[in-house]
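Atoms considered below: every heavy atom in the structure, side chains included; atoms not considered: hydrogens, waters and symmetry mates. Protein chains get the first letters and strands the later ones, always in sequence-line order, with residue 1 at the start of each. As the structure is a prediction and not an experimental result, all values here were calculated from the model.
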4 protein chains.
Amino acid sequence: MTTQRKPLSTTTRRNEVSRRAILTAAFELVQEVGYARLSIEGIAARAGVGKQTIYRWWPSKGAVLFDAFLMLSERPDGEGSALPDTGDLEADLKTVLRATIEELNDPRYDEPMRALNTEITHDPALAALYAERLDGPMRELKKQRLRSAQRAGQLAGGLNLDVAVDMLWGPLLNRWLQRSGALTPDYADSIVETALNGLRPRREGLRSLP
Amino acid sequence: MTTQRKPLSTTTRRNEVSRRAILTAAFELVQEVGYARLSIEGIAARAGVGKQTIYRWWPSKGAVLFDAFLMLSERPDGEGSALPDTGDLEADLKTVLRATIEELNDPRYDEPMRALNTEITHDPALAALYAERLDGPMRELKKQRLRSAQRAGQLAGGLNLDVAVDMLWGPLLNRWLQRSGALTPDYADSIVETALNGLRPRREGLRSLP
Amino acid sequence: MTTQRKPLSTTTRRNEVSRRAILTAAFELVQEVGYARLSIEGIAARAGVGKQTIYRWWPSKGAVLFDAFLMLSERPDGEGSALPDTGDLEADLKTVLRATIEELNDPRYDEPMRALNTEITHDPALAALYAERLDGPMRELKKQRLRSAQRAGQLAGGLNLDVAVDMLWGPLLNRWLQRSGALTPDYADSIVETALNGLRPRREGLRSLP
Amino acid sequence: MTTQRKPLSTTTRRNEVSRRAILTAAFELVQEVGYARLSIEGIAARAGVGKQTIYRWWPSKGAVLFDAFLMLSERPDGEGSALPDTGDLEADLKTVLRATIEELNDPRYDEPMRALNTEITHDPALAALYAERLDGPMRELKKQRLRSAQRAGQLAGGLNLDVAVDMLWGPLLNRWLQRSGALTPDYADSIVETALNGLRPRREGLRSLP
DNA sequence: CTTTAAGCGAGACGGTACGTCCGGTCTTCGT
DNA sequence: ACGAAGACCGGACGTACCGTCTCGCTTAAAG
């Protein structure tokens, strides 16, 4: 896998054009034909590349897919733009979760992301890489926003932020993966509200106390 | 798929022995060799059955897997035993989530369940069946427990119970599928506590008000 | 290899159409593209057959080629027609050797026969089969003609007929395989004459003695 | 091919060490793994040489093999030592043919020679080169011995010596290539005797005539 | 005595074919 | 009539080599 590509030892004569062609082909193919019909041969053919060039640099179909996502996620120069922070945590979270839903519902990303999830679920090594390179950075942004809210006293002090992130995005992703219900903006709102307030009853009247 | 097996029209000359052998073989195979190496041929060979017998009765590998789970879930006579209801919602939920975690961590179920999830995520028809026959009944039990708590005033009145269930099990399943962290009993506890109380700070002192 | 095809055990459900298509395709292909470019994939494609069907029934490319020759050689119903026997041994042998030369020079047979020879030279098992099924019967016919001549007193009494056959056909085949010279009818004649008379001088005058 | 190596134009900066390493590797490899598994990559690897160095100087695998034989055959300083000439043609020929048989039966030469023959049979250009550089000189030696016998009246006057050589070595080589029988010293003797005397009966008694 | 250009080891590259596995379909036989 | 057995066409697997193509390095020649 192209994990340590940056240093690129002087003796590594890797063809960058082929690399990008392969990743692009993989991403496009999986979105066109679906995960089940995604084949290394197909990727090689579409990329105009020999199969060996894929096997030389990636250990599995999932690794190719992973790098394809990595390439996409690295598009922006400044890399990670922070999550919106208007001071209104609830509104900000709803914005972000609605955006997540939109992406999951986008036919351009739906199949590829399901494919990546499938590979991750069956390959711990890939999962570790995913945690480090893709999920990790994103999760850090989310935790930053939550930390900011915590400082503003909008979140419980002892809160485990990883659990908090799971509470917000877990339900969404699970509903998407298991197709256990429609992913609507309303659902995003419900998740945010319920997560913030908790399942227990809150004494609403007390909120306005001095 | 064996969806309408109950009526068993008189003309259905289906061999029940073969059926069970196939489902058992499928379940055992996937747990032994993993999802990627699970093949219809392998199932047929292990079940001592012709391939055609599988193709005759199931439309896909996922459908076989699904029926295998269905068979397992129907073992108990009384079918659906309700969730524990000691009156202490938090404790009951922790018990149940810890049990869920134990099952997901059980090597006998881990691979098969990942396989089923993979099939569901890539096959809407299977997902619908899953929602109806496997997830649905289980979700109903969960909601019953929550309704009971709601009646006891332990849950917010306007609560959408489906969202509540998602809030409790979603994070767990997502962490399991994406392998984004260890599934420990502590994690289950955290989820339950955070879900019940919400992410916002609670004025603890007020709880003791009349 | 299809060595014991005749009995065709009742459980062998071999597709005769595919078999003939494969053998025909192999023969035609080798004569069109040559031995070096002859591939199992090519044969399968031209025969409209899955590769596995070839690998199921033949252990090697050479074996397919061998069976292709076998099929061709079995065309005639009565199988083995004897060699011409006009009573004039020298004339008969020249006729037969000239025919052999014509066949070797025929572009339809040249490449295929070279290919078969190559396979035989590198595969003793195939060579044994060749000796038994193709070369053997032909050699028997040749020896029959020589035996007839021997009875007529036209050949030396203690002659080893296998050596005699080698003396007649060996030079020809060797010149053809090694391309060490043109295969002309005159060459056939020279071989026959020299083989019959020997390299030593004959006292011509003594021939007319009583 | 290294046909005109001797003049070695002043601009040819060819590495003689690599050249010998390649030829040696080729010869050893073919005798170890056989013709079918002989690959340019394998030769390059064993010779510790880049593939390009082979492709730069030889047009084909067969050409490398040919040069390997050429290198071996050039070992002796004086190049071509004549065939034995004791005056007894029959004995001399038996000696030489027995030596030929021994070489063909030698496992060190068997596979390589079969390989070379295979390349020759499928490549006319190589065959021409073979005729000129390897077979030619050897054949000339054989013909010299026969000419000497002819002068001594031991061979027929009008004899075509090329045919004579073919009559003696053709049967041998053909039996070897087609594996149609064991190559024993007795077989060599039979060939020599039969070739010299011819297949026809000889009036033995007349030999002692004045 | 530097330049400079070739030969060289190395090995990536686009390809072709290998021999195997499996997917789905179809056919034959035995129960 | 069903089911086991398995042949069949086809597609993909992961590997081995093909012949071409850079890359730096070494080395001999021409300036």
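The shortest distance between the side-chain N/O atoms of D:W57 and the OP1/OP2 oxygens of E:dC8 is below 4.0 Å. An OP1 or OP2 oxygen of F:dA16 is reached within less than 4.0 angstrom by no side-chain nitrogen or oxygen of D:S39. Here B:S18 reaches the OP1 or OP2 of F:dA4: one of its side-chain N or O atoms lies under 4.0 Å away. Between D:R56 and E:dC8, a side-chain N or O to OP1/OP2 separation shorter than 4.0 Å is present. For the pair C:T53 and F:dA7, the criterion of a side-chain N or O lying under 4.0 Å from OP1 or OP2 is not met.
Judged by the 6.0 Å distance and 45° axis criteria, D:R14 is positioned over the aromatic ring of D:W58.
You'll find the ring centres of D:F27 and D:F69 inside the 6.0 Å limit.
B:R46 places its CZ atom 14 Å from the P atom of E:dC22, with the value rounded to the nearest Å. Rounded to whole Å, atom C1' of E:dC21 lies 12 Å from atom NZ of B:K61. The CD1 atom of C:I54 sits 13 Å away from the P atom of E:dA17 (whole-angstrom rounding). The distance between atom CZ of B:R19 and atom P of F:dG3, rounded to the nearest whole Å, is 13 Å. Atom CZ in B:R37 sits roughly 10 Å away from atom P in F:dG14 (whole-Å rounding). A straight line from CG of A:N15 to C1' of F:dC23 spans 13 Å, rounded to a whole angstrom. Rounded to whole Å, atom P of E:dC8 lies 16 Å from atom CD1 of D:I43.
Listed nucleotides: E:dG11, F:dA5, F:dA29. Nearest to the side chain of B:Q52: F:dA5. When distances are taken from the side chain of A:R13 to each of F:dA5, F:dC23, E:dG23, the shortest belongs to F:dC23. Among the nucleotides F:dA28, F:dT20, F:dG14, the one closest to any side-chain atom of A:Y55 is F:dG14. Distance from the side chain of C:E41 is smallest to E:dC18 among F:dA5, E:dG24, E:dC18. For D:V49, counting side-chain heavy atoms from C-beta on, the closest listed nucleotide (E:dG23, E:dG11, E:dG9) is E:dG9.
The base of E:dG14 has none of its N or O atoms less than 3.5 Å from a complementary donor or acceptor on the side chain of A:K51.
If B:I40 and C:G42 are placed on DNA chain E by their nearest nucleotide, the residue sitting closer to the 5' end is C:G42.
Looking at heavy-atom distances under 4.0 Å, C:G48 makes contact with sugar-phosphate atoms alone, never a base.
Between D:E119 and D:K61, no side-chain nitrogen of the basic residue sits less than 4.0 Å from a carboxylate oxygen of the acidic one, so the salt-bridge criterion is not met. Here A:R46 pairs with A:E28 in a salt bridge; the nearest charged N to carboxylate O distance falls below 4.0 Å.
Remark: side-chain polar atoms of B:T53 are not paired, donor with acceptor, to backbone N or O of B:V49 under 3.5 angstrom.
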